[in-house]
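When a ligand or atom number is given, it counts from 1 through the structure's own listing order.
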Amino acid sequence: MSGGRPVLDRFRLLAAALVVCIHTGPLASWSPAADFWLCRVLARIAVPFFFLCSGYFLARSGWRDTGRFLKKTLLLYAAAVALYLPLNLYGGGYGPLEWGRRLVTEGTLYHLWYFPAVITGVLVSRGLARLGTRRALALAGALYLLGLGGDSYYGLVRRLPGAGAFYDGVFRVFSQSRNGLFFAPLFLLLGAAGLRWSRRTSALGAGVSLAAMSAEGFFLRELGWQRHDSMYLFLPLCMVFFFSLLLEQNQGEDRRARRMSMLIYLVHPLCIVLVRGGAKAAGLTPWLVKDSRGHFLAVWALSLAAAWVLDVLRPLRVPPRGRAWREVDLGALEHNARTLRDMLPQGCELMAVLKADAYGHGAVRCARRLRREEVRAFAVACLAEGIALRKGGVGGTILILGYTPPEAVPLLRRWRLTQTVADAAHGHALADMGIPIRVHLALDTGMRRLGIPAEDLEVLESLYRRRELRIGGVFSHLCVSDDLSQETYTKDQLDRFYRAVKRLRQAGHDVGKLHVQASYGLLNLPPQPCGYVRAGIVLYGVSSGEARRQPELRPVLSLRARVACVRTLRPGDRAGYGLDFLAQRETRLAVVTIGYADGLPRELAKRGGRVLLHGVSCPMAGRMCMDQLLVDVTEAPEVRAGDIATLIGRDGRAFIPAEETAERCGTIANELLSRLGTRTVLTFG
Ligand SMILES: *Cc1c(COP(=O)(O)O)cnc(C)c1O
């Protein structure tokens with residue numbers, strides 16, 4: 001197939017030019033009929049085209065990016081409203097109620113209707129999309145027909161009984177029926193459907209339906225039925241063929257064209273005002289205003305220049321996937337949470353362990369995605385991690401598993417965090433601060449790390465007497481649950497735990513939520529009579545020990561970096577620090593932009609560490625450097641500078657699990673993953 005150009009993005013510029021046509025009427029002073037066709041028929045494909053693009057891209061991500069899309073659109077809309085505020089005020093302004101109505105229905109200036117329309121439209125389409133493509137399209141089509149009756153066919157439809165009253169009602173809210181309810185959903189959903197035909201069929205379909213729409217336009221104009229002229233019967237048909245034609249040739253993206261088209265859309269009404277004012281001041285009105293072609297060209301040139309300047313001035317970001325980055329698959333995280341939850345007995349919930357920035361996976365983003373999956377309890381290692389989650393907007397229970405100094409009690413309270421009581425002295429010191437806080441009691445059942453000795457009923461009772469301690473749970477940690485040869489020790493730990501719980505209950509205490517299993521406790525033990533399972537490493541789809549149950553879990557994290565350059569060594573050439581690498585044959589070496597300062601163990605290069613490039617597993621060469629490493633890519637001849645190298649995760653059919661890399665370096669995946677956060681950028685997909 002030919003093509004290979006980002007035609008979708010480039011066409012946005014043409015669509016922006018068509019919008020400028022609508023607002024300047026380039027052919028008006030030459031031929032009113034030609035101008036009608038250009039601005040009132042042909043140019044009507046511009047805004048639907050933007051809707052189709054949005055629908056297409058949103059649906060391709062399973063509508064998962066809807067939130068981000070709406071946020072971005074709202075921000076742009078807010079900027080546009082602010083930009084045009086002076087013009088609004090100059091025009092006299094309106095009362096606060098009218099402001100509110102315009103903001104949510106039709107925008108505060110004529111071209112801004114697009115923003116409320118796309119926002120409402122996306123919300124409506126997303127809802128309709130849940131019904132399945134056919135039904136969604138049918139309903140959106142019905143809405144479009146209703147809208148049509150208030151637009152191009154108003155003169156006809158108004159005569160039907162009840163129609164007048166209906167549209168009067170509509171126009172009291174929206175001044176046009178081309179809006180987020182009647183107009184946008186159909187085009188968004190047609191984009192989402194991504195309909196495609198061959199190039200010939202698409203071109204033919206687009207040509208025929210454009211001709212039909214032109215005829216329709218002139219016909220309606222003759223009859224004088226149009227209240228407005230943005231909705232035609234043939235418009236949706238024209239759009240699907242046309243979009244298919246572009247899709248068929250589309251490849252890659254042109255972000256600059258995308259940004260420029262939006263900027264032109266935003267600024268062109270301001271440019272109209274400036275051209276008029278400027279022309280008047282300079283005495284050029286006959287050429288730049290009265291002559292419609294000159295007017296259009298002046299407005300277009302100024303808009304293009306303004307958009308270009310704004311684009312150049314935009315803040316530049318470091319490309320997140322430019323050097324070394326972690327890719328977190330939140331869908332896999334969600335899948336794992338669901339799979340693990342299905343293993344829990346009735347009444348037992350998942351407590352997601354998010355310590356060390358979610359084992360290097362980004363705690364806030366992980367927590368937010370898990371909350372969507374109805375996970376309501378989280379565990380972190382320390383106070384700062386708990387506060388970071390709250391600041392990231394995470395609700396629910398957050399248990400700090402580690403020590404917090406008593407003087408930080410006010411912070412525990414302020415951020416509604418639940419603190420682990422590490423031992424008797426810690427518990428009393430926390431209570432002595434005189435501020436009521438939520439706590440869970442840690443029982444030591446044999447690990448000898450944190451916890452009150454499980455047999456020490458007197459100490460436990462003394463803590464229950466402290467009114468400042470709101471004890472909402474009792475837990476313990478198993479230290480050999482990942483070792484099936486030490487099951488008796490684990491069983492002993494469980495016995496000590498449940499015996500202590502029983503005695504507390506007999507003494508009349510409400511022990512609250514019990515929890516004793518972490519990942520390997522969940523995989524290796526029968527279901528426990530507990531309120532939580534504290535799942536850490538399994539949640540990330542990684543294993544680090546023996547397991548009796550083997551649920552189908554997906555690895556969440558991939559680690560990738562770029563190829564900086566590739567060089568060829570002759571046999572006998574050496575490379576790297578200490579000249580550690582010796583080429584036995586003609587060798588192609590790639591320099592990959594990641595090193596031990598990014599959290600990779602330095603000894604990995606010597607212990608058979610591998611990197612995936614173009615789906616080929618290539619050996620690391622020589623010694624790993626602080627910021628880069630050498631890879632022998634002789635077996636992958638297509639490797640070029642700029643390519644993406646995979647250090648953990650999948651590339652085509654090849655896969656490097658985190659466990660494998662950890663094992664090579666004599667550690668566990670938990671350590672490897674939690675150390676990756678020093679310099680690598682976190683990205684989410
Ligand atoms: C880290 C930790 C967990 C989670 O352990 P995984 O093996 O990663 O599931 C659970 N409980 C406590 C007390 C921990 O410190």
Side-chain angles (χ1 to χ4, degrees), residues 333 336-337 339-341 343-344 348-361 363 366-367 370 375 377-386 389 397-404 417-423 426 439-452 454 472-484 486 490 493-494 497 513-525 528 530-551 553 555-557 658-659 662 667-676:
L333 180 73
N336 295 345
T339 307
L340 294 169
R341 187 160 39 204
M343 297 169 63
L344 303 182
C348 183
E349 286 180 54
L350 211 57
M351 175 183 273
V353 180
L354 302 176
K355 54 193 189 188
D357 203 23
Y359 295 45
H361 292 65
C366 287
L370 289 167
V375 175
F378 304 95
V380 293
C382 60
L383 179 66
E385 288 181 351
L389 282 187
T397 297
I398 298 179
L399 173 64
I400 299 174
L401 295 170
Y403 173 79
T404 298
L417 301 169
T418 306
Q419 174 57 42
T420 291
V421 174
D423 67 1
H426 186 224
V439 298
H440 282 199
L441 298 183
L443 300 190
D444 177 16
T445 55
M447 184 175 183
R448 318 266 154 69
R449 194 173 66 176
L450 296 188
I452 304 141
V474 176
F475 76 98
S476 188
H477 196 43
L478 305 173
C479 50
V480 285
S481 63
D482 60 342
D483 184 349
L484 296 176
Q486 303 216 52
T490 298
Q493 279 197 281
L494 291 175
F497 179 66
K513 298 268 197 186
L514 302 179
H515 42 112
V516 69
Q517 294 157 288
S519 292
Y520 281 84
L522 173 63
L523 297 183
N524 286 330
L525 297 178
Q528 299 293 306
C530 284
Y532 291 127
V533 162
R534 302 184 305 269
I537 193 71
V538 278
L539 203 50
Y540 308 106
V542 173
S543 59
S544 57
E546 295 179 61
R548 200 162 260 145
R549 292 203 264 178
Q550 303 271 359
L553 299 172
V556 177
L557 183 138
E659 297 90 314
T667 181
I668 53 174
N670 310 38
E671 181 189 354
L672 175 70
L673 294 173
S674 63
R675 285 175 183 238
L676 292 177

Task: Heavy atom of the protein closest to atom 15 (O) of ligand 1 (residue, atom name, distance) - done: K355 NZ, 2.6 Å
Open item on the list: Tell me whether M447 reaches ligand 1 (any heavy atom closer than 4.0 angstrom to a ligand atom).
Closed with: no
Open item on the list: Students should be able to answer this: which protein heavy-atom is nearest to atom 9 (O) of ligand 1, and at what distance?
Closed with: S519 OG, 2.4 Å
Task: R449 contact mode with ligand 1 (heavy-atom cut-off under 4.0 Å) - done: side chain
Task: Straight-line distance of L514 CG to F497 CZ, nearest 0.5 Å - done: 5.0 Å
Task: N or O pair under 3.5 Å between G536 and ligand 1 - done: yes
- [ ] Could you tell me the residue and atom name of the protein heavy atom closest to atom 4 (C) of ligand 1, and the distance to it rounded to 0.1 Å?
- [x] Y359 OH, 3.4 Å
- [ ] Show your working on side chain to side chain contact (heavy atoms under 4.5 Å, CB included) between L478 and Y520 and close with a plain yes or no.
- [x] CA-CA 9 Å; L478 305 173; Y520 281 84; over 6 Å; no
TODO: Measure the distance from atom 12 (C) of ligand 1 to every protein heavy atom, then report the residue, atom name and distance (to 0.1 Å) of the closest one.
DONE: H477 CE1, 3.4 Å
- [ ] Decide whether an N or O pair under 3.5 Å exists between Y520 and ligand 1.
- [x] no
- [ ] Starting from atom 10 (C) of ligand 1, find the nearest protein heavy-atom neighbour and note its residue, name and distance.
- [x] R534 NE, 3.4 Å
TODO: Measure across V538 and L553 and return the closest heavy-atom pair with its distance rounded to 0.1 Å.
DONE: O-CD1, 3.6 Å
Open item on the list: Are L370 and F378 packed together at the side-chain level, in the sense that at least one heavy-atom pair is separated by less than 4.5 angstrom?
Closed with: yes
TODO: Output yes when the distance from some N or O of ligand 1 to some N or O of I537 is under 3.5 Å, and no in every other case.
DONE: yes
Task: Residues which pass side-chain hydrogen bond (donor to acceptor under 3.5 Å, both in side chains) with Q419, listed by chain and number, not counting sequence neighbours - done: T404
Task: Residue R675 excluded, over 12 heavy atoms near CZ under 6.0 Å - done: no
- [ ] Answer whether the closest heavy-atom distance between the side chains of H440 and H515 falls below 4.5 Å.
- [x] yes
